[in-house]
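Heads up: the structure comes next, in structure tokens.
Below, chains carry the letters A, B, ... as their sequence lines are ordered, and counting in each starts from 1. We use all heavy atoms of the structure for the numbers below, so side chains are in, but hydrogens, waters and symmetry mates are not.
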2 protein chains.
Amino acid sequence: MPLRRSALQSGPTKPEAGHTPSRGATREQVDAAIRAGLLTGRFIPGKAVTIRGLATELGVSPMPVREVLQRLAAENALEVKPNGRVQVPDMTPARFDEVLKARLLLEPELAELALPHLTPGDAGNLQSIDNDIDDRLISGDAEAYMRLNHAFHFSIYRASGSKVLLPLIDSLWLQFAPFMRTVYGRVGTASLVDRHKEAIRAVELRDKEALRSAIAADISEGMGLLGKEILAGT
Amino acid sequence: MPLRRSALQSGPTKPEAGHTPSRGATREQVDAAIRAGLLTGRFIPGKAVTIRGLATELGVSPMPVREVLQRLAAENALEVKPNGRVQVPDMTPARFDEVLKARLLLEPELAELALPHLTPGDAGNLQSIDNDIDDRLISGDAEAYMRLNHAFHFSIYRASGSKVLLPLIDSLWLQFAPFMRTVYGRVGTASLVDRHKEAIRAVELRDKEALRSAIAADISEGMGLLGKEILAGT
DNA sequence: AGCAGGATTTTGTGATCACAAAATGACATG
DNA sequence: CATGTCATTTTGTGATCACAAAATCCTGCT
């Protein structure tokens, strides 16, 4: 086997020695790798993803990949077709509307719940992430933009300590991210707008309503307008 | 092994002949069995659930059970502890508040989306389910009540044809159902109230707002009041 | 009796195998 | 050249195995 460079492996591979690292570590590694790949759009919707393929790509046995694929299918991040093939589900207008609606219902709510837990230090981190985003936008690095945008939102949401709403939102992001990647591939990243600055100010001022509307506007303008346009032209 | 009567198997077991039924059929069977068990409260929160145990109980190999458990863990219906053990997560006040909030955000919305698709025939089905529920309430059959109450709500929600909101709500029900079972075990079923009648009338009249508030009231009165009371006393 | 400590069993995890279904490709036929 | 057919390969699925960690049980001591 030629050991080709994988698009999923960012750092050097781990299995240096035969020692088992810890309980379920391999599965978590595989899970993190595939999740990150989905969130940054490295999987193309409609393209089949094979168990053995990912397994050899990640240098593990098919077993942990099988389990992770089932997990992601349960979160509707992947779709198991009746023949057993697994693929990233392709976006439909109906699905898009639903994801948008769900995001608008849940994300402002969770941001509000997180607000009391956000420290001035967190606001600083958000500021720094947003600066990175601006850099990536002008350099046109869509993959890095998606990773940072995810980091921005979830830095807020995670502060809530939520164990229910957060996983739901997680599932939503996994569902729309691969599609948005294809959108950015068409319209580029230069025209992207967000409401991150308003959100940061709202966090600094601890203004509940301002944060809600910043998040809501970020969603409907950033995702809503762009996506509708693309889906209409298909 | 004495082949004890399983609490999960309702009918006679299937694997009569060695013929493979169809693609992934075993997994679906296992998935349906465990899901139904969770929704009717046949699993006790905090009690560990073992792969091999379920496997022999269902008469299958551990493999499909492993995958299904991973799926359900991804939906937060089960919890994988750091040692790998899998159990039904026990309810905490914080978790309960979040589930309640999420239900109130999502379920009235999906009911409204479903309303245009609900026919007079559907209203009749709802009526018949609700009649069954009333019978079970006075006879005190908590397990049947939970199954029918689930059927009532999801008969509405499924009509929406939703592929995003519906799975999210599915996940929520799997999370609170086992806890509610313990609640019914304490307070009995005679005192349960619901807003099903109002919901049915709203469906018949195609009254959007009436349906929303019927569902919302059903949630906050049926689940909210009962749960708060129990959690406060723990 | 209470309890620590070690042996035994149980359990999850990752790997591999066998099999059937599906996808793929080659090839012959119209 | 298009098209249907058949052989080959790939793929998912379920089962089984080996191993280590965890839990459980038993025993012997104070």
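- Counting all heavy atoms, side chain and backbone alike, A/I44 lies closest to A/V88 at O-CB, 4.1 Å.
- In this entry the distance linking CG of B/L58 with P of D/dG14 reads 13 Å, nearest Å.
- Side-chain proximity of B/R85 to C/dT11, D/dT13, C/dG14: nearest is C/dT11.
- The nearest heavy atom of DNA chain C to B/I51 and to A/N83 marks one nucleotide each, and the one closer to the 5' end goes with B/I51.
- When distances are taken from the side chain of A/M63 to each of D/dG14, D/dT11, C/dA15, the shortest belongs to C/dA15.
- Checking C/dG12, C/dG14, D/dG12 against every side-chain atom of B/R66, the shortest atom distance belongs to C/dG14.
- A sub-4.0 Å separation between OP1 or OP2 of C/dA15 and a side-chain N or O of A/S61 is present.
- With D/dA21, D/dG14, C/dA15 as the candidates, the nucleotide lying closest to the side chain of A/P64 is C/dA15.
- Going from atom CD of A/E67 over to atom C1' of D/dG12 covers 15 Å, rounded to whole Å.
- Residue contacts shown for B/V49 are limited to sugar-phosphate atoms, with no base heavy atom under 4.0 Å away.
- Of the candidate nucleotides D/dT11, C/dG12, D/dT16, D/dT16 has the atom lying nearest to any side-chain atom of B/P62.
- Distances were taken from every side-chain heavy atom of B/R23 (C-beta onward) to each of C/dG12, D/dG12, D/dT16; the shortest belongs to D/dG12.
- Exactly one residue among B/L192, B/L148, B/T189 makes a side chain to side chain contact (heavy atoms under 4.5 Å, CB included) with B/I133. That residue is B/L148.
- Per the geometry, CG belonging to B/L54 stands 11 Å off P belonging to C/dT11, to the nearest Å.
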Open item on the list: With side chain to side chain contact (heavy atoms under 4.5 Å, CB included) as the criterion, how do A/K47 and A/Q87 come out once you've worked through the C-alpha distance, each side chain's angles and the decisive distance to 0.1 Å?
Closed with: CA-CA 6 Å; A/K47 190 80 167 293; A/Q87 65 174 54; over 6 Å; no

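- A cation-pi arrangement is present between A/R103 and A/W173, with the terminal nitrogen or guanidinium carbon under 6.0 Å from the aromatic centre and inside a 45° cone about the axis.
- Rounded to a whole Å, the CG atom of B/L69 is 13 Å from the C1' atom of C/dT13.
- Going from atom CZ of A/R27 over to atom P of C/dG12 covers 11 Å, rounded to whole Å.
- Residue B/Q87 contributes atom CD, which lies 15 Å from atom C1' of D/dA22 at whole-angstrom precision.
- Aromatic rings of B/Y184 and B/Y145 (six-membered ring for Trp) have centroids within the 6.0 Å cut-off, being under it.
- Checked against C/dT11, D/dG14, D/dA22, the side chain of B/R52 finds its nearest nucleotide in C/dT11.
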